[in-house]
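Residue numbers begin at 1 in each chain, while the letters A, B, ... track the order of the sequences.
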Number of protein chains: 4
Amino acid sequence: MSVTTQAETPSDRGSDRRSAGARSREATRDRLLTSGIRLFAKDGLNGVTTHDIAREAGVAAGTFYLHFSDKNALFHEIAVDAEERLRHRVEQATSDATRLRDAIHVQVEALVGFAAENRELLRILFSAEAGHEGSEFLDSFSRSIAEGRRQAIETGEMPAEIDAGVVSQALVGMFVRVLLWWVQEPEPVSRETLIDTLTRIQLSGTHPE
Amino acid sequence: MSVTTQAETPSDRGSDRRSAGARSREATRDRLLTSGIRLFAKDGLNGVTTHDIAREAGVAAGTFYLHFSDKNALFHEIAVDAEERLRHRVEQATSDATRLRDAIHVQVEALVGFAAENRELLRILFSAEAGHEGSEFLDSFSRSIAEGRRQAIETGEMPAEIDAGVVSQALVGMFVRVLLWWVQEPEPVSRETLIDTLTRIQLSGTHPE
Amino acid sequence: MSVTTQAETPSDRGSDRRSAGARSREATRDRLLTSGIRLFAKDGLNGVTTHDIAREAGVAAGTFYLHFSDKNALFHEIAVDAEERLRHRVEQATSDATRLRDAIHVQVEALVGFAAENRELLRILFSAEAGHEGSEFLDSFSRSIAEGRRQAIETGEMPAEIDAGVVSQALVGMFVRVLLWWVQEPEPVSRETLIDTLTRIQLSGTHPE
Amino acid sequence: MSVTTQAETPSDRGSDRRSAGARSREATRDRLLTSGIRLFAKDGLNGVTTHDIAREAGVAAGTFYLHFSDKNALFHEIAVDAEERLRHRVEQATSDATRLRDAIHVQVEALVGFAAENRELLRILFSAEAGHEGSEFLDSFSRSIAEGRRQAIETGEMPAEIDAGVVSQALVGMFVRVLLWWVQEPEPVSRETLIDTLTRIQLSGTHPE
DNA sequence: GATGAATGAGTATTCATTCAT
DNA sequence: TATGAATGAATACTCATTCAT
């Protein structure tokens, strides 16, 4: 499957020209990825063993190592893939927005949409376990928000009194906690309320239209 | 010592009526607590072994278990104690505030003050390692913020459009990430800027004075 | 190929009457043998995996087991074949020699010649990895030398004071270590010096001519 | 014990001032060393697992690692200790000998004496398993023999026609194989015959007295 | 109370071997 | 015949925890 679920992946083609062995290999790899996503989301990197993942995937313990060099490699692949998809989704959404308030709204929509459709990936990406991949993503997310804020301050859209560094960390922290809280079952509030509230919190700092 | 460093702890009394054995026991326990705080703050619950803690405390490996039933018990005690101290500090600070904007300001001051004086405890309390104690504290923190917000909405201090549940999670997430970011060396921004910014972010949602 | 490179092996015949399949099978088997020789000579029986051998031979891992029952069987076949070739060479050389001193000289020439032309086989045959095949060859080599000595003592060519059992072990040990040392790159001494010295060492025990 | 059996080692003192724990630790370490020697002598470095050694020593698997960092460390310690003892014994024996023929005789006596009293250590030291410690010892043994030969050639005690490099390898190989053969049960020849024969083999190359 | 040696279950990882394609 | 994915037993090593001294 690769982590993505998009229709154009090779394994989805009706006419898969690869050998039966190659298809079987890919299927096993996918099962390991899927099991890894489920277990990492539930118990975190350290709470899961390669044997757990293999058992969940229905393969022998040694099979894990035919597909991934070790547990970290699997985690890395999952996290990098999730990060790319989230980043792509947010960038797509915000690329058309010209005004800050529009950008903020669509960014929130993209984040919430990703969370709604990828609960497990969200947990993996946003759970801050010591020194893992997600952290880097959140750091770069912070930096991009800080940059956006600084530009907004230059153009006068945002008041200068609010420190961009602090705000960018604050917004990332807000997204992390709110979305991790929201992807529980049952969802504590409706998607609309969530988007609306997260947008308002940010807009309240902008100058009125 | 007990985790607190305040003067009224038993071991600090000049007139300690306990036996020499009891005082020695307490001292050993304190060294284990101190070592635990340092190491947990640096490497997290899973990154530290009981041998590490005993070695850092200068005692034998078995001694650890004379004072704590296991590694989680030590972590729990550190976290609960830290939680109580932080909770107490925030409650003291906010007990006199009558207006919401005042309460918000002193609450931020209390949080930042705690972070400044207890970097290691803050890291332990705010680091979200899979299923550990800190989470419970943050949950109850969220609940108390949500309650405050609901009251502010009733009294008309806050607009009703903003969902109190979402906001309370957002604020906790914000505090967590901003303070963990801030207690690094070197501190990214001054204490004053930090307090001011965190206060403004919250106030921006209130009705203008 | 079979391990030997001599012209009369089936696969070398210009007029190979076997089917294409049979010839292909033989070629695969030969590649596995060649790879096994190279890798066993370099890293020893335990330092090589069947996957290594298959990869070096350019075949799939499972193919190995179509040709050899297991890793030891391949090693055994290589060792037995090498042993036969070395034995044959020595016997050919010594069959014409009537006097002991001639026999010794041509035997040394045969051993050194084999070592020079089959470095890898020599390493495999003479390396004493716990309980492997080479040992049996060396044991039987010892026995044949001991038998020769005993005859030489009977005919008066060798003095009786020297124990034939000890000497035969000594000579084998000498050949093993000296030849393993000599087949390194670069060769520590010239082929002539080597032959001359090994011959003299043995002749020194015989009665002067 | 340390591998040595000499009377002056601390653990042999009637008045052992160390704590019971320290004595117990030493005893366990000694059992592991003893088990290691027995098993390495029998099956070689690669034929033995740390579990085997622990079981033979009557301790749990993990205990092994309280005393040695890994299997190689134990092997190294055994080999280095054995090497030192053998080297010391040979040096002691040859230090007084002024004439080459005397030196050769006492050297052989020392080697055979060591072999007789330390069959297992001899097997460990003289078994050439890929890249292990014993090899280094044998190499340095060769070098020292070669040096001795070169001096003997200079002083006219040995004829110059025999290459010292080849001879030194030959002698080491001879000692290795003969002694490994001799330390079997039952001993193939008497100690006297062995010493006499090994001495004669070497002396046969010297000029007659 | 303190010590620290010992335990043994847990986890990662390798590799000879099998078997469906 | 050849492939190569999969197996699972073997092995190394760690570490929370116990207990005799």
Side-chain angles (χ1 to χ4, degrees), chain A residues 19-29 46 48-54 57-72, chain B residues 19-29 46 48-55 58-72, chain C residues 19-29 46 48-55 58-72, chain D residues 19-29 46 48-54 57-72:
Chain A
S19 69
R23 260 179 282 117
S24 157
R25 178 177 168 81
E26 184 78 1
T28 299
R29 187 184 158 85
N46 290 322
V48 174
T49 72
T50 57
H51 275 67
D52 291 339
I53 297 167
V59 299
T63 302
F64 182 93
Y65 293 92
L66 297 179
H67 297 277
F68 303 97
S69 60
D70 59 18
K71 192 171 65 165
N72 287 322
Chain B
S19 69
R23 263 180 281 118
S24 158
R25 176 175 168 80
E26 184 77 3
T28 299
R29 188 182 159 84
N46 288 322
V48 173
T49 73
T50 57
H51 274 72
D52 291 339
I53 297 167
R55 187 182 324 113
V59 299
T63 302
F64 182 95
Y65 291 90
L66 298 178
H67 296 278
F68 304 97
S69 61
D70 60 21
K71 191 169 69 163
N72 287 321
Chain C
S19 70
R23 263 180 280 116
S24 157
R25 175 175 169 80
E26 184 76 4
T28 299
R29 187 182 160 85
N46 289 322
V48 172
T49 73
T50 57
H51 273 73
D52 292 339
I53 297 167
R55 188 181 325 111
V59 299
T63 302
F64 182 94
Y65 291 90
L66 297 177
H67 296 277
F68 304 97
S69 62
D70 58 21
K71 192 170 68 164
N72 287 321
Chain D
S19 69
R23 260 179 282 119
S24 157
R25 177 178 170 80
E26 186 77 1
T28 299
R29 188 184 158 84
N46 289 324
V48 174
T49 72
T50 58
H51 275 68
D52 292 338
I53 297 167
V59 299
T63 301
F64 181 93
Y65 293 92
L66 297 179
H67 297 278
F68 304 98
S69 61
D70 59 19
K71 192 171 64 166
N72 287 322

Can you tell me how far [atom2] of [N] sits from [atom1] of [X], to the nearest Å?
X       : N      : atom1 : atom2 : answer
C:Asn46 : E:dT14 : CG    : C1'   : 14 Å
A:Phe68 : E:dA12 : CZ    : P     : 15 Å
C:Arg55 : E:dC15 : CZ    : P     : 10 Å
A:Ile53 : E:dT13 : CD1   : P     : 11 Å

Chi angles and distances behind the side chain to side chain contact (heavy atoms under 4.5 Å, CB included) call for C:Thr50, C:Phe68: CA-CA 10 Å; C:Thr50 57; C:Phe68 304 97; over 6 Å; no

Going by the rule side-chain hydrogen bond (donor to acceptor under 3.5 Å, both in side chains), which residues pair with [X] if we only count those two or more places apart in sequence or in a different chain?
X       : result
C:Thr28 : none
A:Thr49 : A:Asp52
D:Arg29 : D:Glu77

Ignoring hydrogens, what is the shortest heavy-atom contact between C:Ala54 and C:Ala61? Give both atom names and the distance.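 The answer is CB-CA, 3.9 Å.
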
Any donor-acceptor pair under 3.5 Å linking the side chain of B:Lys71 with the backbone of B:Val48?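 Yes; at least one donor-acceptor contact below 3.5 Å.
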
Do nucleotides 6-13 of chain F as a string where each nucleotide becomes B, S or -: B if the base has a protein heavy atom under 4.0 Å, S if just the sugar-phosphate does, - if no protein is that close. BBB--SBB

Which distance, rounded to the nearest 0.5 Å, do you find between the CZ of D:Phe64 and the NE2 of D:His51?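 Taking CZ in D:Phe64 and NE2 in D:His51, the distance rounds to 11.0 Å.
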
Those residues that, when tested against D:Asp70, pass salt bridge (Lys or Arg N to Asp or Glu O under 4.0 Å) (two or more places apart):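 So D:Asp70 forms no salt bridge (Lys or Arg N to Asp or Glu O under 4.0 Å) with any residue.
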
For DNA chain E, which consecutive runs of 3 or more Watson-Crick or G-U pairs (each distance under 3.5 Å) count as stems?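 Stems found: E:2-21 with F:2-21.
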
